[in-house]
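So that the names make sense, note that chain A is the first sequence line, chain B the second, and so on, each numbered from 1.
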There are 2 protein chains.
Amino acid sequence: MRYPPEHKARARRQLLASAGALAKRDGFAATGVDRFMAEAGATSGAFYAHFGSKAAMFEAVVEQELAQSLAMLGDDPADPAALARFVERYLSLAHVEHPEAGCCLPSLAAEIGRGPEPVRARFEAAMQALHARVAAACADPERAWPLIAQAVGAVLLARAMHSTDSRAALLGAVRRDAATPRR
Amino acid sequence: MRYPPEHKARARRQLLASAGALAKRDGFAATGVDRFMAEAGATSGAFYAHFGSKAAMFEAVVEQELAQSLAMLGDDPADPAALARFVERYLSLAHVEHPEAGCCLPSLAAEIGRGPEPVRARFEAAMQALHARVAAACADPERAWPLIAQAVGAVLLARAMHSTDSRAALLGAVRRDAATPRR
DNA sequence: GTCTATAGAGGGATAGAC
DNA sequence: GTCTATCCCTCTATAGAC
């Protein structure tokens, strides 16, 4: 073997990281295998040493991105203050303007919804783990899904807007509502 | 002329309607010109009699779909009860399961965000009209953006889930939160 | 494991007949 | 205005050299 045994695992990890960023920025279906490999500093021929098909890579990207989102919620299992800080960062202009570095849900959820059953099953499991984490940090566990939906929807819509002012107006209104206790 | 003068306008309207449905179901970029035309009962050669390019059709589809969404809010300019009914229908399992017949925001907002400036400018104008309508029907106008973001995010995420139970749990929680007055 | 080269399918767009 | 036929490009995936 001309490559050390860890080479493949490392190459795959780097490939998945750059592919995740590229997929979030330009869309997964809209990005060709050639571009994914070029971004990782390789050519398309090497792709199939790591994934059986482009669809298989989508599964891996989604799994990796959702695990990362879960990890970003913090290690503390149920800290309301940490959740509040997370939501503030999530609903920031910086997050809206840099999809490649952000959460995969506003960028890729529509494509996941159109994907095959295995992808949606993995997605569902990851989302339930995320939901449990958020619910544990909420005064009312029933607030978890509404909070998640609101945050994802806000970033999705802000990204589709043209002016920074409109984006900021939307994000500000949602930030205030997310921080408002329910009756 | 072998076709009556209204023929082109009618053909274009039918084409836009079927293209909107197809784009919402399968994604706009992922659907080829051939399939858009086949769905309208024609062939790809006729496409360019109506649109200068595929990108031009995207603009037209987005404009048409957003106008339709606005119209579905009802003619009554500021009726809180009509808004509540609209939100209930929006957050239904039927809406989640039939993207082709539903709102274009959960389906196409990510693609709009990746689109060229003219598309995002049209989007922004339409969204501000929609926001004004919703704000007029809310007790607190500041609730308009949060409510819209929440509804769009909920449908987007529910569509990506695999099981009907999970979809219903998410939708139910968001419906309850949307109907809860803020302090 | 990664490369170059290529097969085979499908994409957007145009030309010319009717 | 719509058709068929076609150009050229890009896409996914495979083959064979190293």
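Each of A/G52 and B/G41 lies near DNA chain D, and the nucleotide nearest B/G41 is the one positioned closer to the 5' end.
Taking the six-membered ring for Trp and the full ring otherwise, B/F28 and B/F36 have centroids separated by under 6.0 Å.
When the salt bridge (charged side-chain N to carboxylate O under 4.0 Å, His left out) test is applied to A/R13, no partner is found at least two apart in sequence or on another chain. When the salt bridge (charged side-chain N to carboxylate O under 4.0 Å, His left out) test is applied to B/E63, the partners found at least two apart in sequence or on another chain are B/R122.
If you take CG of A/L15 and C1' of C/dG1, they are 13 Å apart, rounded to a whole angstrom. Rounded to a whole Å, the CZ atom of B/R12 is 12 Å from the P atom of D/dG1. Between the CZ atom of A/F51 and the C1' atom of C/dT2 there is a distance of 15 Å, rounded to whole Å. Look at NE2 on B/H50: it is 8 Å from C1' on D/dT2, rounded to the nearest Å. Rounding to whole angstrom units, OH of residue A/Y48 and P of D/dC11 are separated by 12 Å. D/dT4 atom C1' lies 18 Å from atom CZ of B/F47, rounded to whole Å. Residue A/K8 contributes atom NZ, which lies 5 Å from atom P of C/dG1 at whole-angstrom precision.
Of the residues in residues 18-39 of chain A, those lying under 4.0 Å from DNA chain D by heavy-atom distance are A/T31, A/G32, A/V33, A/R35.
For A/T43 and C/dC3, the shortest distance from a side-chain N or O to OP1 or OP2 is below 4.0 Å.
The nucleotide whose nearest atom lies closest to any side-chain atom of A/A49 is, among D/dT12, D/dC3, C/dG1, C/dG1.
Here the side chains of A/D140 and A/R182 are not in contact, with every heavy-atom distance at 4.5 Å or above.
Using a 4.0 Å cut-off between a side-chain N of Lys or Arg and a carboxylate O of Asp or Glu, A/D177 and B/R143 qualify as a salt bridge.
Under the 3.5 Å distance criterion, with hydrogens and angles disregarded, no donor-acceptor pair is assigned to the side chains of B/S18 and B/E39.
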